[in-house]
Amino acid sequence: LEGVKVAREQGMTRGWAAFLLAEGANRCTRLGRLGDAQRMIDEALAFGATGLQGGFVNEIAARVAVMTGRYDAARSHVEEALRLLRLAAGAMWIAPLHARRVELAGLDGDIDAARRAVTDGQASGDNEYPFYARELYLSALRVEGDEAARARAARDLEAEREAVRSGEALAARMRELAAIAENPQPQVA
């Protein structure tokens, strides 16, 4: 928040102040401080950031919206972030955004859309940094677990097997990423 103050003083509200407010909101979501997160992200959105900063602001706005049950708003923010980050590469930008897509597809019960979002999120390829990729894989594991439970309840053995197979592959990839990390953060481990 001190950085936000300096960015404002320097006339960098549209870029850095918005980015830093979104980063603060992101950290508030991890602490369960959703009211603070909403306040910060609303302020960041009002600055009208574009490019990477705007994409990040919208991804965090989508995260806050999902966590507070405002799914239409989350979808709108995801679409805007996808537009703004269309040329971005790397797990830092790509994996969390596609994790939001996975979560929303899971809420819709659309396993095919969730799996497409995972594939899109893995497009960062060689730059699949474990700290950021974990969001994508954790979201996908939850959705595959829900799909397996739904399929089991419906006695659809093939769909259940596919969800379990997919979940096992996701977990294996995350373990692989954690193993190659020099010093994996606790969230990754």
query = So Met12 and Phe47, side-chain contact (heavy atoms from CB on, under 4.5 Å) or not? Walk me through it.
reply = CA-CA 10 Å; Met12 297 184 285; Phe47 288 145; over 6 Å; no
query = Quick one: are Asp146 and Glu144 in side-chain contact, heavy atoms under 4.5 Å?
reply = no
message = Suppose clustering is done on Ile, Leu, Val, Met, Phe, Trp and Tyr with side-chain heavy atoms closer than 4.5 Å. Which residues sit in the same group as Leu34?
response = Met67
key: Residue that, paired with Arg116, satisfies side chain to side chain contact (heavy atoms under 4.5 Å, CB included) out of Thr119, Val118, Asp112   = Asp112
inquiry  = Could you check whether any side-chain heavy atom of Ile111 comes within less than 4.5 Å of a side-chain heavy atom of Val143, counting everything from C-beta outward?
reply    = yes
message = Within a 6.0 Å radius of atom CD on Glu9, are there more than 12 heavy atoms belonging to other residues, nucleotides or ligands?
response = yes
note = Shortest non-hydrogen pair, Ala148 vs Val164, comes out as CB-CG2, 4.3 Å
ask   = With a 4.5 Å limit on heavy-atom distance, are the side chains of Glu23 and Asn26 in contact?
value = yes
inquiry  = Regarding Arg83 and Glu79, does a basic nitrogen lie under 4.0 Å from an acidic carboxylate oxygen?
reply    = no
key: NZ/NE/NH1/NH2 to OD/OE distance under 4.0 Å, Arg165 and Glu168   = no
Non-hydrogen atoms of Ala7 and Ala17 that approach each other most closely = CB-N, 3.6 Å
key: Residues which pass ring-ring contact (aromatic ring centres under 6.0 Å, His included) with Trp16, listed by chain and number, not counting sequence neighbours   = Phe19
query = Honestly curious: do Phe131 and Ile180 fall in one hydrophobic cluster under the side-chain, below-4.5 Å linking rule?
reply = yes
key: Ala181 to Pro130 - nearest heavy-atom pair and separation   = CB-CG, 4.1 Å
query = Do Leu21 and Leu1 come within less than 4.5 Å of each other through their side chains, counting heavy atoms only?
reply = yes
query = Do Arg63 and Ile41 come within less than 4.5 Å of each other through their side chains, counting heavy atoms only?
reply = no
query = Does CZ in Arg155 sit with more than 12 non-hydrogen atoms of other residues, nucleotides or ligands closer than 6.0 Å?
reply = no
remark   = Tyr71 and Val66 have their tightest heavy-atom pair at CE2-O, 3.6 Å
query = What's the spacing between Glu128 CD and Ile94 CD1 if we round to 0.5 Å?
reply = 11.5 Å
task = Using distance alone, with no hydrogens and no angle criterion, decide if Arg70 and Gln38 have a side-chain donor and acceptor under 3.5 Å apart.
result = yes
ask   = When you look at Val188 and Met174, which way does the side-chain contact (heavy atoms from CB on, under 4.5 Å) test go after all the steps?
value = CA-CA 8 Å; Val188 173; Met174 194 60 229; 3.6 Å; yes
ask   = Is there a path of hydrophobic side-chain contacts, each under 4.5 Å between heavy atoms of I, L, V, M, F, W or Y residues, that connects Val4 with Leu45?
value = yes
inquiry  = Measuring from atom CE of Met92 to atom CZ of Phe56, what distance do you get when rounded to the nearest 0.5 angstrom?
reply    = 6.5 Å
query = How many angstroms lie between NE2 in His98 and CD in Glu103, if you round to the nearest 0.5 Å?
reply = 13.0 Å
key: Atom of Ala105, atom of Ala114 and distance for their closest heavy-atom approach   = CB-N, 3.4 Å
request  = Check the pair Arg175, Leu177 against side-chain contact (heavy atoms from CB on, under 4.5 Å), reporting the backbone distance first and the verdict last.
outcome  = CA-CA 5 Å; Arg175 282 192 295 274; Leu177 288 173; over 6 Å; no
remark   = Here the gap from Asp120 atom CG to Arg101 atom CZ, rounded to the nearest 0.5 Å, amounts to 4.5 Å
request  = Give the intermediate values and the outcome of side-chain contact (heavy atoms from CB on, under 4.5 Å) for residues Arg150 and Glu160.
outcome  = CA-CA 8 Å; Arg150 264 193 302 277; Glu160 180 184 359; over 6 Å; no
key: Pair Arg75 + Asp72, salt bridge at N-O below 4.0 Å   = yes
ask   = Can you tell me how far the CD1 atom of Ile60 sits from the NE2 atom of His77, to the nearest 0.5 Å?
value = 11.5 Å
remark   = Rounded to the nearest 0.5 angstrom, the CG-CG distance for Leu104 and Asp110 is 11.0 Å
ask   = Where do Cys28 and Met40 come nearest, in terms of heavy atoms and distance?
value = SG-CE, 3.8 Å
ask   = Side chain of Thr68, backbone of Val64: donor and acceptor closer than 3.5 Å?
value = yes
query = Can you check whether Leu85 reaches Leu82 side chain to side chain, under 4.5 Å on heavy atoms?
reply = no
query = Residues two or more places apart in sequence or in another chain: which of them pass salt bridge (charged side-chain N to carboxylate O under 4.0 Å, His left out) with Arg134?
reply = none
